[in-house]
Amino acid sequence: MTNVELHPWLSVNIPEPYTKQPINKELYRRILKAFTTNWDCRYGFYLDDGRIYIYRSDFLLCRFRLNIGEPIADFQIAADTQQNAAIIAFENAMESVEHRWYLIADSGEERPANLKYCKYYHGETECPKQIQNTIAAKFWHGEMMFIVNKLDVNHWKQIAMHTKEDLNEDQLQFISKYSEEQFAIILYIEELYLENLKSVDPLLYSKLTHQ
């Protein structure tokens with residue numbers, strides 16, 4: 001498998017959204033770190049002579065070049081591999097590092113303690129495309145900020161406790177479906193977006209915070 005110079009390669013179009021999506025530092029780091037393949041993550045990465053290769057078992061399937069801040073380039077498939085199979089391999093391997101990183105046993109990275117309280121963010125390097133440009137994307141971003149910045153959930157639980165004192169019966173009923181930790185993160189997200197709004201539209205910020 002490692003005698004890559006013995007394999008003939010064919011250049012093909014890389015699947016969306018990777019034709020235009022720049023690779024951020026975290027995704028770059030995960031791909032280069034790689035992992036041992038298993039039943040749930042069957043396609044792996046390795047680096048050889050400046051290219052990233054994707055394989056399964058002892059078979060090379062595709063390869064590409066990777067640089068931070070740039071889209072994946074020079075995407076090629078092994079000549080003895082069907083293009084559809086190579087694309088599936090690529091998409092599955094990327095799924096592992098983008099969305100399943102903390103579930104990979106040998107990534108060697110501990111799952112953040114508060115990640116279990118998040119509804120939308122699960123350790124992805126980018127907002128999932130299926131929720132982009134929706135309200136859910138704002139919650140994903142807020143949860144991501146809470147986890148990545150390692151905020152103290154107990155501090156926000158204290159804020160949540162005092163906030164509840166000002167809520168009416170209907171509001172208390174509504175938030176009863178959330179755990180204390182989930183409600184704490186929701187309050188953080190609310191403040192995060194209100195602070196962003198404060199710098200953009202102070203008048204609207206004032207109206208929202210004094211209702």
Side-chain angles (χ1 to χ4, degrees), residues 16-18 20-31 33 35 40-41 68-69 91-92 94-105 107-211:
E16 296 287 351
Y18 300 99
K20 299 179 180 178
Q21 178 177 303
I23 298 298
N24 61 42
K25 291 182 179 179
E26 175 61 16
L27 184 54
Y28 180 87
R29 183 188 71 82
R30 293 183 186 183
I31 291 174
K33 183 173 184 178
F35 54 89
D40 294 315
C41 300
I68 297 175
E91 291 177 337
N92 276 268
M94 295 298 291
E95 171 77 13
S96 295
V97 289
E98 288 188 283
H99 305 296
R100 300 174 60 84
W101 187 243
Y102 294 113
L103 300 178
I104 298 173
S107 71
E109 298 179 22
E110 184 178 353
R111 178 183 174 94
N114 295 322
L115 195 62
K116 60 187 175 183
Y117 304 123
C118 296
K119 179 177 181 180
Y120 298 98
Y121 174 69
H122 303 292
E124 301 92 344
T125 60
E126 299 282 351
C127 182
K129 60 183 179 181
Q130 62 267 31
I131 64 170
Q132 288 177 3
N133 302 314
T134 68
I135 294 298
K138 295 183 181 296
F139 279 93
W140 180 91
H141 179 260
E143 291 176 346
M144 182 272 293
M145 293 289 289
F146 194 95
I147 300 300
V148 170
N149 292 322
K150 300 180 180 179
L151 299 187
D152 183 359
V153 72
N154 290 321
H155 168 74
W156 284 92
K157 283 170 65 175
Q158 289 294 320
I159 296 175
M161 181 179 67
H162 293 301
T163 299
K164 287 180 180 180
E165 296 174 357
D166 298 326
L167 300 182
N168 61 40
E169 185 174 337
D170 289 340
Q171 291 171 325
L172 288 171
Q173 178 65 30
F174 177 76
I175 68 171
S176 65
K177 60 184 178 181
Y178 300 108
S179 70
E180 291 181 354
E181 292 81 6
Q182 288 172 323
F183 184 50
I185 294 175
I186 290 171
L187 285 180
Y188 164 76
I189 295 171
E190 180 182 62
E191 181 165 313
L192 175 68
Y193 278 102
L194 284 177
E195 284 300 313
N196 289 342
L197 179 61
K198 184 178 182 180
S199 63
V200 175
D201 192 334
L203 179 60
L204 180 56
Y205 171 86
S206 178
K207 288 180 180 179
L208 289 173
T209 53
H210 291 84
Q211 288 182 344

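Keep in mind that the numbers below use all heavy atoms, side chains included, and drop hydrogens, waters and symmetry copies.
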Roughly how far apart are [X] [atom1] and [Y] [atom2], rounded to 0.5 Å?
{"X": "Ser96", "Y": "Phe35", "atom1": "OG", "atom2": "CZ", "result": "4.0 Å"}
{"X": "Gln158", "Y": "Asp152", "atom1": "CD", "atom2": "CG", "result": "9.5 Å"}
{"X": "Ile189", "Y": "Ile185", "atom1": "CD1", "atom2": "CD1", "result": "7.0 Å"}
{"X": "Asp170", "Y": "Ile175", "atom1": "CG", "atom2": "CD1", "result": "12.0 Å"}
{"X": "Glu95", "Y": "Glu91", "atom1": "CD", "atom2": "CD", "result": "9.5 Å"}
{"X": "Leu187", "Y": "Gln182", "atom1": "CG", "atom2": "CD", "result": "12.0 Å"}

Worksheet item: Who are the side-chain contact (heavy atoms from CB on, under 4.5 Å) partners of Ile186, not counting sequence neighbours?
Response: Tyr178
Practice prompt. Only pairs at least two apart or in different chains count here, so list each salt bridge (charged side-chain N to carboxylate O under 4.0 Å, His left out) that has a residue in residues 130-141.
Written response: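 Not a single pair qualifies under salt bridge (charged side-chain N to carboxylate O under 4.0 Å, His left out).
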Response to the item:
Residue pairs meeting salt bridge (charged side-chain N to carboxylate O under 4.0 Å, His left out), one or both in residues 20-29, sequence neighbours left out, come to Glu26-Arg29, Glu26-Arg30, Arg29-Glu109
Item to complete: Specify whether Tyr120 and Phe139 have parallel, tilted or perpendicular ring planes, treating 30° as the upper limit for parallel and 60° as the lower limit for perpendicular.
Response: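 It falls in the tilted class, 30° to 60°.
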For the residue pair [X] and [Y], what are the closest heavy atoms and their distance?
{"X": "Gly142", "Y": "Tyr193", "answer": "N-OH, 4.4 Å"}
{"X": "Val153", "Y": "Phe146", "answer": "CA-CZ, 3.9 Å"}
{"X": "Asn114", "Y": "Leu151", "answer": "ND2-O, 3.8 Å"}

May I have the list of side-chain donor-acceptor pairs in residues 124-137 shorter than 3.5 Å, sequence neighbours left out?
residue, atom, partner, partner atom, Å
Glu124, OE1, His122, N, 2.8
Glu124, OE1, Trp140, NE1, 3.0
Glu126, OE2, Asn24, ND2, 2.7
Gln132, NE2, Cys127, O, 2.9
Thr134, OG1, Ile131, O, 2.5
Thr134, OG1, Ala136, N, 3.3
Thr134, OG1, Ala137, N, 3.4

Item to complete: Identify, with sequence neighbours excluded, every residue that meets salt bridge (Lys or Arg N to Asp or Glu O under 4.0 Å) alongside Lys157.
Response: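 Applying salt bridge (Lys or Arg N to Asp or Glu O under 4.0 Å) to Lys157 gives Glu180, Glu181.
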Worksheet item: Given His141 and Leu192, is the side-chain contact (heavy atoms from CB on, under 4.5 Å) satisfied, shown in steps?
Response: CA-CA 10 Å; His141 179 260; Leu192 175 68; 4.1 Å; yes
Worksheet entry | side chain to side chain donor-acceptor pair (under 3.5 Å) against Tyr18, all qualifying residues, sequence neighbours excluded |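 With sequence neighbours excluded, Tyr18 shows a side chain to side chain donor-acceptor pair (under 3.5 Å) to Glu98, given in chain and number order.
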Discussion item. Is there a side-chain contact between Glu191 and Ile159 in this structure, where contact means two heavy atoms from C-beta onward sitting under 4.5 Å apart?
Written reply: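 Side-chain contact under 4.5 Å: no.
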Worksheet item: Checking Glu143 side chain against Cys118 main chain: does a donor-acceptor pair fall under 3.5 Å?
Response: no
